[in-house]
Every structure is written in C-alpha cells, then in structure tokens.
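Read through the structure below, which is laid out as structure tokens, and then see the notes.
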Number of protein chains: 2
Amino acid sequence: MTPSAAFMDTGHDHDLCMESALDRASALCGERGVRLTPLRRRVLELVWVGHKPLGAYEILDTLKAERQGAAPPTVYRALDFLLQHGLVHRIESLNSFVGCPDPLKPHGGQFLICRSCGLTAELNDHRIDQAIRNSANKAGFTVGRPMIEIEGLCPHCRDAGEGSPG
Amino acid sequence: MTPSAAFMDTGHDHDLCMESALDRASALCGERGVRLTPLRRRVLELVWVGHKPLGAYEILDTLKAERQGAAPPTVYRALDFLLQHGLVHRIESLNSFVGCPDPLKPHGGQFLICRSCGLTAELNDHRIDQAIRNSANKAGFTVGRPMIEIEGLCPHCRDAGEGSPG
DNA sequence: GTTCATAATGTTATAATATAACATTATAGT
DNA sequence: ACTATAATGTTATATTATAACATTATGAAC
Ligand SMILES: [Zn+2]
Ligand SMILES: [Zn+2]
Ligand SMILES: [Zn+2]
Ligand SMILES: [Zn+2]
C-alpha cells in the first residue's frame, strides 16, 4: 500500500512513515537549494506525529516547551515555508495542517476527514481531478488549485457505529 | 441559463436574481415552519448583493450602519441560521459566505472562485460528486458533506489576461 | 578568516475571525 | 393577559493569523 492510497492502517509502522516523510522533505529541500532548518524540520515532524491535522497553536504549544520564546510567527513562518514547498497542506475547514505524503508534484488536496476521530487521508484520484476540470472548463474557468475536503466517517469509526446514534 | 449553471453573466438581471433568491428563502422557511426574520432576511440579502463571498465582519459593518448595537453575534447567529437551512454556504478558504441558489436539497458546495475578481460560481455536477463517492467508498469512507473550492480564473479575468503576468 | 548581503528567527504588538455567557425583547400559543 | 420559547441585545473573551522591527545565523566574496 502506498502512503497516499487511503487511510493508514492503525497498525502501520508510523515511525517509518514519519521518518520517510522527513527524508523526502530533506531530499526535496536539498534539490531545490532551500534550507530545512531545525525549526522547520521540527514543525514538519510535529505535523507528521499523527495523520490528524494539527492547529498552528497546538504546534506552538509544543514548541514553547522546547524553545525559549516561540511565538505565533515562529510556527506560521515555518508552516508557510512547508506549504510553499508542498510539504504540508492546510485543511481549510479545520484551520489545521497535515503532512503531504507526495510533495514532489504540486496538487490541491483531496482529503477524507473523519468527523469522529479526526483521522485524515489524502487521495490523489485523477478521475476526481478530471471531473472537476471538465466541469470548470465548461464554465470557462481556468483551474488553479482544486481543494477538496470531504467530511465523513473513516472505516474504523463507521464500523464502531459512531455516526448513526450521535 | 439556470442560476446554478456557471458564472453569472456580468449583464444578468441581478435585481431579479436577488429577489428570486429571497422569495425562495421565504418559501422554504414557510414550509419548514421557521422564521425568516427581518434580520435574517437582511443578512441573506447582503450576502446576495454580489456573487462574491462576503466576510462576517463586512456584513457586520453594513448592519452597524442600519441597526443600533449590531455586534458579531448578530451576524454570526443569522449566518448560522442561514447555513443550517442551506440558504448560504461558507467558503472555507476565504472565511466568507455566499448565497446558495438551490437551498432545497442539501449538498456540500462545489465552488469556482476567481482569484482575480472574487466572483464565485456554484456548480452541482453529479459526475464530480460521483467520482468523489467512488473514491471514498474504495477507502471505506462514509461521505458526509463533500466540500470543493477551486481557486482559478473566471472567464472574464482569464480573457483580460489577469493570470499570466501577475 | 573577515566582510557583507541575505535569510532566518526573535520579539512585541495587533488584526481578523469567531464564540461564550447572560440579559432583554419579541413571538406564538393558551 | 400569561407563559414558554425563540430571537436578539450586550459585554467580554477565545481563536487564528499577521505586521513591524530587532537580532542572529548562514553562506558567498574577498
Ligand atoms: Zn503513519
Ligand atoms: Zn498532498
Ligand atoms: Zn445575480
Ligand atoms: Zn449550494
């Protein structure tokens, strides 16, 4: 299973998952001649701690415990850098940030977001993209970044019946 | 041309466009036994002033000039009501609100948003929806509300060349 | 290795968006 | 009119994000 295929199995090797994400980030920055500084790397690491989007101030809380004088700009600047290089995505509906498993090619995000547990999976379905481009073209619209955020229930929470009763 | 088909022609009869939106809202609220109070109606009207999403505080600025003591809760409560009844959509990427031309059947929004002029068009393309559901189903995900926000250039701004140089 | 330009981060303050909590007023049914 | 409920008023505050300027770190030129 590739990292971007669907929801991460709860039993997947997340240490490896994170490590490879950081390695990819390091390689990408090297190729582009930009610096993955310790701060930026740490913020990326924090975003990758789970497959759940993290708010800027949640990241900040952790940074504050580690660095003297961490403040909002500390984290927002690191996030801006990571966003610019496609290393993280912003989840607009949650004002939160999540690591991108495939930063090399630019793309708007296609996200499945569990309303119960917060787990998020990134899709990259060409057919969704194609359907969007077809429809946009008909309207005479030039597509820039399509952003898709689908709220719902992940397999685990669906099976646990967290959707019907609540 | 139906209201939800694509970008409104700059020459369309927007007075009629707004009036019919308000009439539909009035009818919908009547059928549901809920009250489209003067405040709620006015907020809906303001949202419909253009086909550009409007921020809560922009709405508030106008309300303040009309009502004594309008405050953030004034507008957010009205917007909550309108959102609940599908009369407006929230554009997550802009923290803004736009009128829905088809409030009767519940749907996540499919929006084309011009980065140059701000004009927004709501699609309701079943094929996009279907592509999303197919992909989500493969991931074992139960779809709630799919939200699609596509940044790009509207026909007018594309023709004016507002995308290439900037 | 010193100098310099630039990039990155630190620091303080504030802007922009949104909600909590409680008081008051309007509405609709009895 | 009385009452329960819904809607709005009012004040305060929470949450998210950026502006502006000072300081420090980095890497290239000499
Ligand atoms: Zn993982
Ligand atoms: Zn991605
Ligand atoms: Zn119109
Ligand atoms: Zn709509």
**OP:** Assign each of B:Pro38 and A:Tyr76 to its nearest nucleotide of DNA chain D by heavy atoms, then name whichever residue's nucleotide is nearer the 5' end.
**Re:**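 The residue whose closest nucleotide sits nearer the 5' end is B:Pro38.
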Original post:
Relative to the 5' end of DNA chain D, which residue comes earlier, A:Ala56 or B:Thr37, by the nucleotide with the nearest heavy atom?
Top reply: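 This one resolves to B:Thr37.
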What's the separation between atom [atom1] in [X] and atom [atom2] in [Y], rounded to the nearest 0.5 Å?
{"X": "B:Ser26", "Y": "B:Arg41", "atom1": "OG", "atom2": "CZ", "answer": "6.0 Å"}
{"X": "B:Lys64", "Y": "B:Tyr57", "atom1": "NZ", "atom2": "OH", "answer": "8.0 Å"}
{"X": "B:Cys154", "Y": "B:Arg115", "atom1": "SG", "atom2": "CZ", "answer": "10.5 Å"}

**OP:** Please tell me which of A:Gln68 and A:Asn95 maps to the more 5' nucleotide of DNA chain C, matching each residue to the nucleotide holding its nearest heavy atom.
**Re:**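 Counting from the 5' end, the first nearest nucleotide belongs to A:Gln68.
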Original post:
If you pin A:Gly69 and A:Phe81 to their nearest nucleotides in DNA chain C, which one's is more 5'?
Top reply: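 Its nearest nucleotide being more 5', the pick is A:Phe81.
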Original post:
Going 5' to 3' on DNA chain D, which nucleotide is the first and which the last to come under 4.0 Å of a heavy atom in chain A?
Top reply: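 Listing 5' to 3', DNA chain D meets chain A from D:dT16 to D:dT26.
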Whole angstrom value for the distance that separates [atom2] of [N] from [atom1] of [X]:
{"X": "A:Leu36", "N": "C:dA7", "atom1": "CG", "atom2": "P", "result": "17 Å"}
{"X": "B:Arg35", "N": "C:dT27", "atom1": "CZ", "atom2": "C1'", "result": "5 Å"}
{"X": "B:Leu54", "N": "C:dA18", "atom1": "CG", "atom2": "C1'", "result": "16 Å"}
{"X": "B:Leu39", "N": "C:dT27", "atom1": "CG", "atom2": "P", "result": "12 Å"}

Subject >> Listed partners of A:Glu66 passing side chain to side chain donor-acceptor pair (under 3.5 Å), at least two apart >> reply: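 Partners of A:Glu66 under the side chain to side chain donor-acceptor pair (under 3.5 Å) test: A:Arg42.
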Original post:
Touch check for B:Arg77, heavy atoms < 4.0 angstrom, all strands: base, sugar-phosphate only, or nothing?
Top reply: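 Contact class for B:Arg77: base.
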Original post:
Within the side chain of B:Lys52, is there an N or O that forms a donor-acceptor pair under 3.5 Å with the backbone of B:Val47?
Top reply: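 Pair absent, no side-chain N/O of B:Lys52 close to backbone of B:Val47.
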**OP:** Determine yes or no for a side-chain-to-main-chain donor-acceptor pair under 3.5 angstrom, with B:His51 supplying the side chain and B:Gly118 the backbone.
**Re:**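 Here the side-chain-to-backbone pair does not exist.
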Original post:
Given C:dA16, is OP1 or OP2 found less than 4.0 Å from the side-chain N or O atoms of B:Tyr57?
Top reply: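 Negative; the distance criterion is not met.
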**OP:** Check the pair A:Val88 / A:Val98 against side-chain contact (heavy atoms from CB on, under 4.5 Å), numbers first and verdict last.
**Re:** CA-CA 5 Å; A:Val88 305; A:Val98 70; over 6 Å; no
**OP:** Describe, in one word, how the ring planes of B:Phe141 and A:Phe7 are oriented to each other, choosing from parallel (under 30°), tilted (30 to 60°) and perpendicular (over 60°).
**Re:**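 If you compare the ring of B:Phe141 with that of A:Phe7, the planes turn out parallel.
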Distances under 3.5 Å between protein N/O atoms and the N/O atoms of nucleotides 13-15 of chain C, please, pair by pair.
none

Original post:
Can you check side-chain hydrogen bond (donor to acceptor under 3.5 Å, both in side chains) on B:Ser93 and A:Glu92, steps first, answer last?
Top reply: CA-CA 6 Å; B:Ser93 58; A:Glu92 301 289 350; 5.7 Å; no
